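Within every chain, numbering begins at 1; the chains are lettered A, B, ... in the order of the sequence lines, protein sequences first and strands thereafter. Keep in mind it's a predicted model, so treat the numbers as computed, not measured.
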Protein chains: 2
Amino acid sequence: MKNTPETLPNEQAQAARFQQARDARNAATAQDYVELISDLIATEGEARSVDVAKRLGVSHATVVKTVNRLQKEGLIITKPYRGLFLTDMGENLATESRHRHQVVANLLMALGVDEETAQTDAEGIEHHIGAKTLAAFELILKKLSEGEAS
Amino acid sequence: MKNTPETLPNEQAQAARFQQARDARNAATAQDYVELISDLIATEGEARSVDVAKRLGVSHATVVKTVNRLQKEGLIITKPYRGLFLTDMGENLATESRHRHQVVANLLMALGVDEETAQTDAEGIEHHIGAKTLAAFELILKKLSEGEAS
DNA sequence: TGTAAATTATAGCCAAGGCTGTAAAATAAA
DNA sequence: TTTATTTTACAGCCTTGGCTATAATTTACA
């Protein structure tokens with residue numbers, strides 16, 4: 001079970017990788033919120049913070065605080081007692097995030113992972129998929145769907 | 001570009017997914033530290049906090065603080081001016097994390113992603129790969145390496 | 001209409017993980 | 001041996017993202 005490398009990557013390169021992972025972690029919250037709000041509006045007609053809290057599995061106080069921040073950042077609009085809405089920027093981010101999520105989940109399932117596991121792991125993975133990796137995933141899925149007479 | 005779902009997942013199920021993603025995020029730091037310390041010891045003979053800081057791309061003060069926490073958690077041992085060491089628990093976590101990292105990076109490359117991108121994205125993705133998904137990835141890689149006369 | 005329930009907001013707390021700046025200790029070099 | 005450099009440690013600050021408890025507001029119902 002010895003799997004240590006013989007050499008390490010270049011110092012700056014490695015630091016850049018970790019930095020990118022940290023950036024992705026920090027961006028994840030905003031993506032989760034706008035994606036969920038967009039989904040709630042699409043399926044339920046409205047997105048109330050109570051429902052966001054329930055679906056994220058956090059307290060409503062946490063949601064209120066985070067929503068306030070995302071509102072300042074220009075992603076969300078709140079109409080008190082009338083639910084949460086997305087700005088154009090928020091809607092664009094939601095669409096993009098949802099797409100990444102779907103691609104990741106579909107790829108995992110194509111690789112033999114069951115749906116529930118795929119959905120769960122995709123929830124974390126999606127935030128760390130760069131443009132190149134996303135393109136590679138899409139290409140694989142396209143190939144598989146074309147040659148689906150396997 | 002409308003990709004909204006018609007229905008939402010079950011509320012509890014969705015909350016559990018987000019919770020798991022948050023748990024993975026929280027565990028990521030410890031994994032990054034022990035993995036890097038283990039790699040440094042293997043390749044350089046020692047792991048000093050200065051080098052950990054440089055390779056993570058954070059300040060040394062941040063490393064000191066985090067190392068103190070991980071020491072309390074029983075993963076790391078510090079011998080001042082003699083570098084950082086891993087407990088058995090830390091070594092086990094490092095081995096496991098490194099393995100996951102390698103599997104993820106190899107799979108990305110097998111799917112057509114270039115090495116640098118694979119390494120970067122793997123740095124974030126690895127923390128969100130559950131046992132089932134890891135097994136699926138390993139199976140794919142095994143199949144590919146067996147039928148490598150493609 | 002008036003009251004109960006639901007929803008939203010606020011206050012205050014905590015831990016993690018960043019940072020800068022300063023101090024101390026050990027090592028290396030003059 | 002003294003001095004300079006490197007390494008480590010510490011103090012104090014910030015933001016994010018959690019929490020509970022309490023308050024305020026709105027909606028819904030009796």
Side-chain angles (χ1 to χ4, degrees), chain A residues 11 15-37 40-41 44-73 75-85 123-124 127, chain B residues 11 15-37 40-41 44-73 75-85 123-124 127:
Chain A
E11 206 169 85
R17 289 178 197 165
F18 280 117
Q19 184 58 55
Q20 181 155 322
R22 283 193 297 270
D23 291 345
R25 272 206 301 263
N26 293 340
T29 304
Q31 290 169 22
D32 286 343
Y33 272 74
V34 296
E35 195 179 337
L36 179 53
I37 289 168
L40 279 167
I41 292 174
E44 312 287 318
E46 60 174 358
R48 293 170 312 159
S49 27
V50 181
D51 298 318
V52 172
K54 277 192 206 137
R55 289 193 169 271
L56 288 178
V58 301
S59 73
H60 45 288
T62 296
V63 170
V64 168
K65 199 204 278 190
T66 304
V67 162
N68 278 335
R69 180 172 64 82
L70 298 179
Q71 189 169 24
K72 281 183 200 125
E73 291 176 11
L75 292 169
I76 293 180
I77 296 166
T78 65
K79 304 189 183 171
Y81 297 90
R82 284 289 170 277
L84 307 173
F85 300 86
E123 198 56 67
H127 305 295
Chain B
E11 208 169 84
R17 290 178 197 164
F18 281 116
Q19 184 59 56
Q20 180 157 322
R22 284 193 298 270
D23 290 346
R25 272 205 303 263
N26 293 339
T29 305
Q31 289 169 22
D32 286 343
Y33 271 73
V34 297
E35 195 178 337
L36 179 53
I37 289 168
L40 280 167
I41 291 174
E44 314 286 319
E46 60 174 358
R48 293 170 311 158
S49 28
V50 181
D51 298 318
V52 172
K54 276 191 206 137
R55 290 194 169 271
L56 287 178
V58 300
S59 74
H60 44 287
T62 297
V63 171
V64 168
K65 200 205 277 191
T66 304
V67 163
N68 277 335
R69 181 173 64 81
L70 297 179
Q71 190 168 22
K72 279 183 202 127
E73 291 176 12
L75 292 169
I76 293 180
I77 295 166
T78 65
K79 304 189 183 173
Y81 298 89
R82 286 288 171 276
L84 308 174
F85 301 86
E123 199 56 68
H127 306 295

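Screening A/L40, A/V67, A/I77, A/L70 for a side-chain contact (heavy atoms from CB on, under 4.5 Å) involving A/L84 leaves a single residue, A/V67.
Taking the nucleotide of DNA chain D with the nearest heavy atom to each of A/P80 and A/R25, the more 5' of the two is matched to A/R25. When the nearest nucleotides of DNA chain C are assigned to B/R82 and B/T29 by heavy-atom distance, the more 5′-ward of the two goes with B/T29. Annotation: of the two residues near DNA chain D, A/V58 and B/N68, the 5′-most nearest-nucleotide partner is B/N68.
Take A/E11 and apply the salt bridge (Lys or Arg N to Asp or Glu O under 4.0 Å) test, not counting sequence neighbours, and it matches no residue. For A/N26, the side-chain hydrogen bond (donor to acceptor under 3.5 Å, both in side chains) criterion is met by no residue, not counting sequence neighbours. Residues forming a side-chain hydrogen bond (donor to acceptor under 3.5 Å, both in side chains) with A/Q20 (at least two apart in sequence, or on another chain): none. Looking at residues two or more places apart in sequence or on another chain, you find a side chain to side chain contact (heavy atoms under 4.5 Å, CB included) between B/A24 and B/H128. In this view, A/T29 and A/Y33, A/T66, A/R69 satisfy the side chain to side chain contact (heavy atoms under 4.5 Å, CB included) rule, not counting sequence neighbours. Under the side-chain hydrogen bond (donor to acceptor under 3.5 Å, both in side chains) criterion, B/S49 pairs with no residue, sequence neighbours left out. Residues meeting the side chain to side chain contact (heavy atoms under 4.5 Å, CB included) test with A/R48, sequence neighbours left out: A/E46, A/D51.
The salt bridge (charged side-chain N to carboxylate O under 4.0 Å, His left out) contacts involving residues 18-36 of chain B comprise nothing, where partners must be two or more places apart or lie in separate chains.
Once you apply a 4.0 Å limit to the heavy atoms of chain A, the touched nucleotides of DNA chain D run 5' to 3' over D/dT16 to D/dT27. Counting 5' to 3', DNA chain C first comes under 4.0 angstrom of a heavy atom of chain B and last does so at the ends given by C/dA16 to C/dT27.
With rounding to the nearest 0.5 Å, the separation of CZ in A/F18 from CD in B/E123 is 4.0 Å.
Annotation: proximity of residues 48-56 of chain A to DNA chain D (heavy atom, distance under 4.0 Å) is found for no residue. DNA chain C is contacted by B/S59, B/A61, B/T62, B/K65 of residues 59-67 of chain B, taking any non-hydrogen atom closer than 4.0 Å.
The shortest distance between side-chain heavy atoms of B/T62 and B/K65 does not fall below 4.5 Å.
Here A/T78 lies out of heavy-atom contact (under 4.0 Å) with every strand.
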